[in-house]
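Report on the following structure.
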Amino acid sequence: LALEVFEVNAFGVAVDPERVAVYIRWSTDEQSEGTTLEVQRESCEHYLLAQGWKLREELIFVDEGFSGGTLERPGLNALRKAVRAGRVSCVVVFKLDRLSRSVIDTVNMVLQEWEGLCFVKSTREPVDTTTSAGKMFFYMLASYAEWERSVIKERTMSGKVKRAQQGKNPGFTAPYGYKRGDKPGAWLIDEDEAAVVGRVFEEYLAGKGIHAIAGGLYNAGIRPRRSTRWHATTIAQMLTNVAYTGVLEYGRTTVAPRAVQESIGKQRVTFDEPRFARVEGALPVIIPPEVFERAQRVHAGKAMVQGKRSLSSEFLLTGIVTCPCGGTLRGDTRSGRGKRYYRCCNTVSSRPTPCKSGMVLCSELEETVVAEVRRAFDPANRAAYLSDWERQTREALLRVESDLAYVRNALNSLCARRKRLDTDYDAGDLPAKLYTGRVEKLEVEEAQLRESEAGGFQRLEEIRQAKFDATEFDELAARIDAWENLSAEERKQVLRHAVGACTAFRPQGRGAPLEVSVTIRQPELRGLRVS
Ligand SMILES: [Zn+2]
């Protein structure tokens with residue numbers, strides 16, 4: 001008789017070993033190291049095995065690529081339906097946060113919707129909802145999970161970079177030309193799409209415009225992934241996507257060069273965020289770097305021609321300067337009588353609360369910003385720039401060291417748990433089946449910790465060996481020095497590189513002083529990846 005494996009909860013519902021469900025959720029936008037589908041599934045299977053419960057394929061519910069932020073997931077919906085239909089006596093999850101990322105949702109589902117129907121077990125957490133003490137602990141765990149997630153979110157950027165360094169899918173849709181491998185691993189070249197990418201670059205370098213290229217693809221019967229026709233913007237994005245040279249960039253909003261945008265009548269802004277990172281060799285190469293560079297030079301050339309024609313591109317700071325209200329400052333060509341002004345886009349009176357900033361005189365703002373950039377990239381400030389870089393390096397070291405200390409602590413406590421298990425087993429307090437199951441669980445956990453430890457050591461080594469690369473500083477310094485000889489487009493490029501953030505505001509009224517704040521972009525940790 002299998003009676004001895006029946007567990008009975010407070011409501012008199014037995015865990016029927018034949019009706020145990022497993023729920024697995026994996027989403028690419030999370031830091032999922034160690035919680036991949038395979039790891040979760042294996043961990044749950046071990047758990048069932050250790051309990052002597054039966055693993056039923058039809059009771060395994062999987063949501064792949066779904067965030068835990070919503071309960072609208074096909075796998076979860078099917079599981080809830082099965083629970084309501086009485087087909088499930090227990091739900092096993094890897095961790096509670098697989099069910100939902102919200103404490104309220106988890107608690108409502110487990111303690112209300114499922115109360116009396118089934119209970120929940122987590123392979124990694126001591127969850128037992130059968131007693132009131134267990135419920136209390138369950139609340140605490142659920143809140144802890146929510147807190148932990150917010151911490152993890154902060155680290156996601158470094159996780160993405162690390163995975164890219166290891167040649168793994170960094171967690172978003174593969175760009176056109178690539179496809180996902182059969183595992184959440186490396187991106188592969190999609191031969192058909194890559195051929196289209198090659199054709200686009202080739203035609204562009206042969207002098208075709210982006211509209212003509214888009215039309216040509218359509219006429220050739222080639223369609224983009226999720227649309228019936230090609231837009232010029234799509235082509236422009238393709239032509240400027242560094243991913244095709246094998247490089248992945250994070251934290252930067254990449255948009256088409258201004259000339260392309262203007263030719264298609266779009267105004268979009270490029271922000272360089274402080275947490276910008278670049279990983280070379282992260283993807284297989286579709287476009288050789290030298291071909292890509294040539295295409296970028298063609299863009300730049302077109303931008304110069306455009307600059308002579310279009311008044312708006314004479315506004316050096318478009319896309320760089322913002323208003324403290326959050327609006328962007330745009331060149332205003334209508335008003336002026338020979339003078340040029342910037343104007344906050346939120347000043348239009350049709351808004352419920354229009355911005356109070358007055359017109360900003362172009363020459364005054366531009367002079368202020370250029371002076372600020374000149375000062376920052378004065379060769380005399382090279383030392384300060386270097387010490388900034390050193391500070392960033394030190395901070396990165398400290399971060400990794402504290403992560404490593406955390407991992408070491410976890411390993412120690414794992415070791416202690418293992419010793420307790422051994423003692424209990426030797427004393428005969430623990431049945432062999434339970435002992436093996438728990439030891440296996442600890443081993444899975446240990447392997448994961450060892451892996452993050454190794455990753456930490458590797459990164460530590462990278463940071464220690466990183467060398468300061470002053471090329472960028474010297475280049476900017478040289479170009480600022482030659483400011484008078486630069487074209488409008490070159491000046492814009494310098495400012496876009498040098499300025500991290502800039503706001504300008506002028507209170508309304510005659511003679512009110514211009515309030516400007518300029519933040520020079522921090523030097524990045526070159527040679528290693530900023531996290
Ligand atoms: Zn404003």
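Order of listing sets the numbers, starting from 1, for every ligand and every atom in it.
- Around the Zn ion (ligand 1), the protein contributes the following N, O or S atoms at distances under 2.8 Å: Cys323 SG, Cys325 SG, Cys344 SG, Cys355 SG.
- Ion pairing of Arg506 with Glu364 is present here, as a side-chain N (NZ or NE/NH1/NH2) and a carboxylate O approach within less than 4.0 Å.
- Salt bridge annotation for Arg399-Glu395: absent, with no cationic side-chain nitrogen under 4.0 angstrom from a carboxylate oxygen.
- In this structure, Met238 and Val197 have side chains that are in contact, with non-hydrogen atoms separated by less than 4.5 Å.
- Looking at heavy atoms from C-beta onward, Glu366 lies in side-chain contact with Tyr342 at the 4.5 angstrom threshold.
- Here the closest heavy-atom approach between residue Phe473 and residue Asn381 is recorded as CZ-C, 4.1 Å.
- If you look at Phe94 and Trp26, their ring centroids are not closer than 6.0 Å.
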